[in-house]
Amino acid sequence: MAISKFTFLFVILFLTISFISCSNGVNEKDEENKEDSFEIESVSGVIQKGPFNSGGNISLYELNSDDLSQTGRSFNAQIKNNFGEFEFSNIELSSPFAHLRADGFYYNEIRGEQSGSQLTLHAISDFSGDSVVNVNVLTHLEKPRIEYLVSEAMEFEEAKKQAESEVLSIFLIDQSASPSQKMDLTDVDNGNETLLAVSAILQGYRSEAELSELLSNLTDDLREDGTIDNSSLGSELINHSRYLLPDIIRNNLQERYTDLGLEVEIPEFGHVIEYFNEHTPFEITKSLISYPPEGRFGVNILFPDSSHFTTKPSTSFFQSLSADLAEGTALRIRISTLEGSPTSTEGMWVYDVFSHINMEVGSYDYANHTQEFVALESGESIDLKIRFDPGRFLVEYFEMDTEAEEPVWSREFTVSY
């Protein structure tokens with residue numbers, strides 16, 4: 001059927017008007033989105049456990065303003081250097097809120113070595129005021145708590161402050177001078193000792209897998225009420241914290257940055273660790289270095305709850321010098337004969353030179369009547385077949401720092417027939 005000239009012109013006019021209307025609608029929508037977007041010249045910061053290594057990945061996820069859910073847009077970059085620095089350039093977000101996720105190897109400040117596997121840390125931030133954000137264990141622990149509080153209709157800024165305060169309170173730390181995303185291990189000012197103390201307590205003598213599991217369990221526990229309800233998690237913190245050596249940790253970090261060519265001053269943080277160890281309500285549930293009642297060769301001379309042992313006037317009667325060491329720990333033992341012991345063969349000891357297990361036996365000091373025994377490898381037990389004659393003895397325990405002049409603790413014991 002033929003189309004009239006009038007009908008044809010009407011169709012053309014209708015399509016033209018529709019096209020113009022649709023075009024105007026798209027442009028108006030684009031203008032609206034553009035007004036709501038945040039153009040950021042750069043987002044930068046440092047990622048620290050110890051410092052993350054060059055080549056690790058950092059991702060930025062755009063978040064909705066109302067509930068902090070992900071919009072689906074993301075940006076990716078790599079950590080630029082071994083200081084843990086990163087940067088995103090010329091990005092545009094639909095809201096000022098974003099989630100940062102860092103994955104990489106890092107410097108373990110406790111052991112003074114590179115991590116054996118990667119660690120993931122998170123942060124959530126408002127970029128409307130500042131686009132410099134550091135990612136660390138504090139920002140990581142806060143993130144799920146912030147998200148929960150916002151889901152309960154709390155404003156972001158208020159949720160951030162509350163979550164930060166709740167996380168710090170676990171470690172008996174008052175609100176820090178700097179927000180967590182501004183803390184830096186290489187800055188001695190603005191409360192940065194807080195970050196180093198918490199990082200050290202969390203790391204302890206754990207493997208990377210154990211640290212990741214601990215962080216996951218803590219964030220899950222904190223999320224809804226901001227407290228640690230699982231007492232075993234709190235015990236995990238103090239179990240390791242009491243063995244930390246702040247001066248050595250600080251020196252490890254200082255040397256690491258010096259090796260990288262950066263002159264920094266690491267904050268003093270020992271007092272934060274000490275206060276936590278002395279006042280935490282969490283109970284100690286296990287020792288990283290333990291001394292069992294018995295070893296392979298008999299009763300254990302190092303067992304802390306015994307002050308008296310019996311022996312027999314026989315060269316076939318032996319005791320053990322035994323300890324169990326967790327991975328990353330160290331131990332040196334010094335035994336001395338005390339005044340009041342007989343001066344003949346009594347008040348002495350002998351050992352089987354072929355029996356020592358994972359142990360270096362020092363030479364006997366005849367002038368001071370002392371001898372030292374040093375564990376060779378952590379994560380293993382030590383033992384020695386040894387026999388004490390009747391007398392009074394002092395045993396000194398140099399735990400973790402085997403070069404220390406003063407023992408961590410000591411005890412006396414007696415031996416008799």
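Residues: numbered from 1 along the sequence shown. Computed from a prediction, not measured in an experiment: that's the story for all the values here.
Between Phe52 and Lys49 the shortest heavy-atom distance is CE1-CB, 4.0 Å. Across Pro267 and Leu196, no two heavy atoms sit closer than the pair O-CD2, 3.9 Å. Taking every heavy atom of both residues into account, Tyr243 and Ser287 meet most closely at OH-CB, 3.3 Å. Across Thr370 and Ser336, no two heavy atoms sit closer than the pair CG2-OG, 3.0 Å. Across all their heavy atoms, Glu87 and Ala77 have their closest contact at O-CB, 3.9 Å. For the pair Ser320 and Arg296, the tightest heavy-atom approach, listed with the atom from each and the gap, is OG-N, 3.4 Å.
In the model, Asp324 has a side-chain atom that pairs as donor or acceptor with a side-chain atom of Ser381 under 3.5 Å. For the residue pair Arg411 / Tyr397, a side-chain donor-acceptor distance below 3.5 Å is found, with atom types taken as modelled. In summary, the side chains of Glu158 and Gln162 do not present any donor paired with an acceptor at a separation below 3.5 Å, with no hydrogens or angles considered. Looking only at atom types and distance, the side chain of Gln319 has no donor-acceptor partner in the side chain of Trp349 under 3.5 Å away.
Arg332 is linked by a salt bridge (charged side-chain N to carboxylate O under 4.0 Å, His left out) to Glu372, counting only residues two or more places apart in sequence or in another chain. A search for side chain to side chain donor-acceptor pair (under 3.5 Å) contacts involving His356 returns nothing, not counting sequence neighbours. Residues passing the ring pair (Phe, Tyr, Trp, His ring centres under 6.0 Å) test with Tyr351: none are found, sequence neighbours excluded.
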Under the criterion side chain to side chain contact (heavy atoms under 4.5 Å, CB included), I'd like the reasoning laid out for Ile79 against Ile47: C-alpha separation, chi angles, the key distance, then a yes or no. CA-CA 8 Å; Ile79 299 171; Ile47 307 161; 3.7 Å; yes

Pair Phe393-Phe413, ring pair (Phe, Tyr, Trp, His ring centres under 6.0 Å): steps then yes or no: CA-CA 5 Å; Phe393 304 91; Phe413 65 90; 5.3 Å; yes

Which is it for Asp67 and Val150 under the side chain to side chain contact (heavy atoms under 4.5 Å, CB included) test, yes or no, and what are the steps along the way? CA-CA 6 Å; Asp67 60 0; Val150 170; 5.6 Å; no

Chi angles and distances behind the side chain to side chain contact (heavy atoms under 4.5 Å, CB included) call for Leu302, Ser322: CA-CA 6 Å; Leu302 299 182; Ser322 180; 5.9 Å; no

In sequence, state the C-alpha distance, the side-chain angles, and the governing distance for Val374 and Leu331, and then conclude on side chain to side chain contact (heavy atoms under 4.5 Å, CB included). CA-CA 6 Å; Val374 181; Leu331 177 66; over 6 Å; no

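Ring geometry, His122 versus His140: the interplanar angle falls from 30° to 60°, so the pair is classed tilted. The aromatic rings of Tyr366 and Tyr364 sit perpendicular, their planes meeting at an angle over 60°, well past the 30° parallel limit. Between Phe156 and Phe97, the ring-plane angle classifies as tilted under the 30° and 60° cut-offs. Ring pair Phe171/Phe276 is tilted by interplanar angle, where 30° to 60° counts as tilted.
Figure legend: Lys385 and Phe318 shown as a cation-pi pair, the cationic atom lying under 6.0 angstrom from the six-membered ring centre and within 45 degrees of its axis.
Using a 4.0 Å cut-off between charged side-chain N and carboxylate O, Arg206 and Glu213 make no salt bridge. Here Glu236 pairs with Lys286 in a salt bridge; the nearest charged N to carboxylate O distance falls below 4.0 Å. With salt bridges taken as basic N to acidic carboxylate O contacts below 4.0 Å, none links Arg223 and Asp221. A salt bridge does not link Lys182 with Asp184: every distance from a Lys NZ or Arg NE/NH1/NH2 to an Asp or Glu carboxylate oxygen is 4.0 Å or more.
No more than 12 heavy atoms of other residues, nucleotides or ligands lie within 6.0 Å of NZ in Lys161, so this atom counts as exposed by the packing criterion.
With Leu93 as the fixed residue, the side-chain contact (heavy atoms from CB on, under 4.5 Å) test singles out one of Leu63, Thr71, Leu60: Leu60.
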